[in-house]
Amino acid sequence: MAAVIGGVVVVFWAVAALWWPHIVPLDPQAQHPMQRFLPPGGHHPLGTDQFGRDVFSRMLAGSRPVMEIAPTATALAVTAGTAIGLVAGTFGRWVDEAIMRILDAVLVFPSIIASILFVSMVGHGIGVVVAVVGLSLVPVVARSVRAATLVERRKPYVEAALLRGEPVWSLMARELLPNISHTVAVEATSRLGDAIFAAATLSFLGLGQPPGSPDWGAAVSDNRAWLQNAPWTVLAPALAIASLVVSVALISDELRTGRDAR
């Protein structure tokens with residue numbers, strides 16, 4: 001049941017990201033100085049911010065940057081991490097050792113610091129944020145896929161495939177990958193939650209979307225100074241982030257339970 005609720009929330013935000021220009025009640029960028037900090041109610045169900053902009057409309061519009069960045073970054077992380085993990089787990093020995101030492105070295109360095117440094121050097125933009133967030137998640141995915149591959153690598157069907165002369169690349173694609181698909185699915189949902197939070201964090205630090213963007217992380221950063229006087233300006237985007245991250249986590253937990261029950 002929890003996973004179903006999580007799925008409904010994720011679908012809601014996905015629809016909002018795609019169709020927000022058609023469903024927002026007011027222009028999310030329209031400023032009305034005479035309507036600053038209106039409390040929730042009436043024409044503004046979630047109130048207005050310091051420029052008189054409708055918080056509800058901005059929250060719906062802010063779903064698009066998150067839903068553009070996080071799934072793409074997750075796809076990058078899962079694709080690269082799965083390939084690396086499969087190679088490490090299949091070949092073993094020195095190949096596995098070399099790959100794992102490199103991944104360990106990457107994991108030692110805090111990903112948020114690496115992301116800040118990279119974005120600061122290269123510049124802002126959705127493509128940069130996608131690359132930074134995606135690459136920061138690759139080592140985690142690779143380690144999980146490697147562990148699952150090592151388990152499958154010891155099973156009789158793998159030995160049978162090797163005895164009949166199946167090439168190692170075919171072995172990974174046709175034999176091992178389908179049998180670790182549940183692990184890949186769990187990693188995809190888990191890393192999606194991480195990517196959402198990472199993208200929001202970069203925006204909060206001013207390294208994602210430009211100032212004034214309705215992006216959730218940027219909205220929390222822009223309005224944090226008004227938390228005591230107008231808490232709704234911060235709570236709305238913060239709760240949007242939390243709802244999406246928690247919903248993805250619920251789906252991931254359900255997939256993990258299904259995998260462990262196999």
Side-chain angles (χ1 to χ4, degrees), residues 5-6 8-71 73 112 115-116 119-120 123-126 128-130 132-133 192-250:
I5 295 174
V8 170
V9 174
V10 172
V11 169
F12 169 80
W13 287 122
V15 171
L18 289 172
W19 297 100
W20 73 262
H22 307 287
I23 61 179
V24 292
L26 297 169
D27 183 352
Q29 297 289 28
Q31 300 184 14
H32 303 282
M34 298 302 293
Q35 299 180 12
R36 297 174 68 243
F37 297 131
L38 290 180
H43 294 295
H44 304 285
L46 294 180
T48 61
D49 63 10
Q50 73 269 35
F51 298 110
R53 298 174 298 193
D54 184 60
V55 172
F56 180 65
S57 297
R58 289 180 63 77
M59 184 179 69
L60 292 178
S63 62
R64 173 166 289 184
V66 174
M67 298 303 286
E68 284 179 343
I69 293 171
I112 187 62
S115 299
I116 292 172
V119 173
S120 299
H124 300 187
I126 289 181
V128 174
V129 175
V130 166
V132 168
V133 174
L192 177 58
D194 293 342
I196 293 167
F197 193 76
T201 300
L202 289 175
S203 292
F204 177 83
L205 296 173
L207 300 173
Q209 297 299 303
S213 168
D215 178 89
W216 294 339
V220 172
S221 178
D222 291 342
N223 293 290
R224 68 185 188 277
W226 316 107
L227 181 59
Q228 292 185 336
N229 298 328
W232 56 86
T233 60
V234 176
L235 290 177
L239 290 176
I241 297 170
S243 69
L244 189 54
V245 172
V246 171
S247 297
V248 171
L250 292 174

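Worth knowing before you read on, the calculation uses all heavy atoms, side chains too, and leaves out hydrogens, waters and symmetry mates. Remember, predicted model here, so these are calculated numbers, not experimental data.
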(request) Evaluate the side-chain proximity of Leu26 to His44: yes if any heavy-atom separation is below 4.5 Å, no if none is. (result) yes

(request) Output every pair passing ring pair (Phe, Tyr, Trp, His ring centres under 6.0 Å) with a member in residues 193-225, not counting sequence neighbours, ordered by first then second residue. (result) Trp13-Trp216

(request) List the atom of Val10, the atom of Ser247, and the distance in Å for their closest heavy-atom pair. (result) CG2-CB, 3.9 Å

(request) Measure across Gly62 and Pro65 and return the closest heavy-atom pair with its distance rounded to 0.1 Å. (result) O-CD, 3.2 Å

(request) Would you mind listing every salt bridge (Lys or Arg N to Asp or Glu O under 4.0 Å) that reaches into residues 213-229, with sequence neighbours excluded? (result) none

(message) Within the structure provided, determine whether Pro21 and Arg64 are in side-chain contact (heavy-atom separation under 4.5 Å).
(response) yes

(message) Holding to side-chain hydrogen bond (donor to acceptor under 3.5 Å, both in side chains), I want the full list of residues that pass it with Gln50, two or more places apart in sequence or in another chain.
(response) none

Check: residues 225-242 side-chain donor-acceptor pairs under 3.5 Å, at least two apart:
unit_1, atom_1, unit_2, atom_2, d
Trp232, NE1, Leu38, O, 3.4
Trp232, NE1, Thr48, O, 3.0
Thr233, OG1, Ala230, O, 2.7

(request) Working to the nearest 0.5 Å, report the span between NE2 of His43 and CZ of Phe56. (result) 15.0 Å

(request) Hey, could you give me each pair passing salt bridge (Lys or Arg N to Asp or Glu O under 4.0 Å) that has a residue in residues 194-214? Not counting sequence neighbours. (result) Arg191-Asp194

(message) Can you list everything that forms a side-chain contact (heavy atoms from CB on, under 4.5 Å) with His32? Sequence neighbours excluded, please.
(response) Ala30, Gln35

(request) Enter the distance from Leu205:CG to Ser221:OG here, rounded to the nearest 0.5 Å. (result) 7.5 Å

(request) Could you tell me which residues satisfy salt bridge (charged side-chain N to carboxylate O under 4.0 Å, His left out) with Asp49, sequence neighbours excluded, listed by chain and number? (result) Arg53, Arg58

(message) Can you give me the closest heavy-atom contact between Ala61 and Pro28, atom names plus distance?
(response) CB-CG, 4.0 Å

(request) Calculate, to the nearest 0.5 Å, the distance between atoms OG and CD1 belonging to Ser243 and Ile5 respectively. (result) 13.0 Å

(message) For residues 14-27, which residue pairs pass the side-chain hydrogen bond (donor to acceptor under 3.5 Å, both in side chains) check, not counting sequence neighbours?
(response) none

(request) Write down the atom of Ala195, the atom of Ala70, and the distance for their closest heavy-atom approach. (result) CB-O, 3.8 Å

(message) So if I apply the side-chain contact (heavy atoms from CB on, under 4.5 Å) rule between Ile196 and each of Val133, Ile69, Val248, which one comes out positive?
(response) Val248

(message) For Ser57, give me all partners under side-chain hydrogen bond (donor to acceptor under 3.5 Å, both in side chains), at least two apart in sequence or on another chain.
(response) Asp54

(request) Check whether any side-chain heavy atom of Pro214 sits under 4.5 Å from a side-chain heavy atom of Gln29, and report yes or no. (result) yes

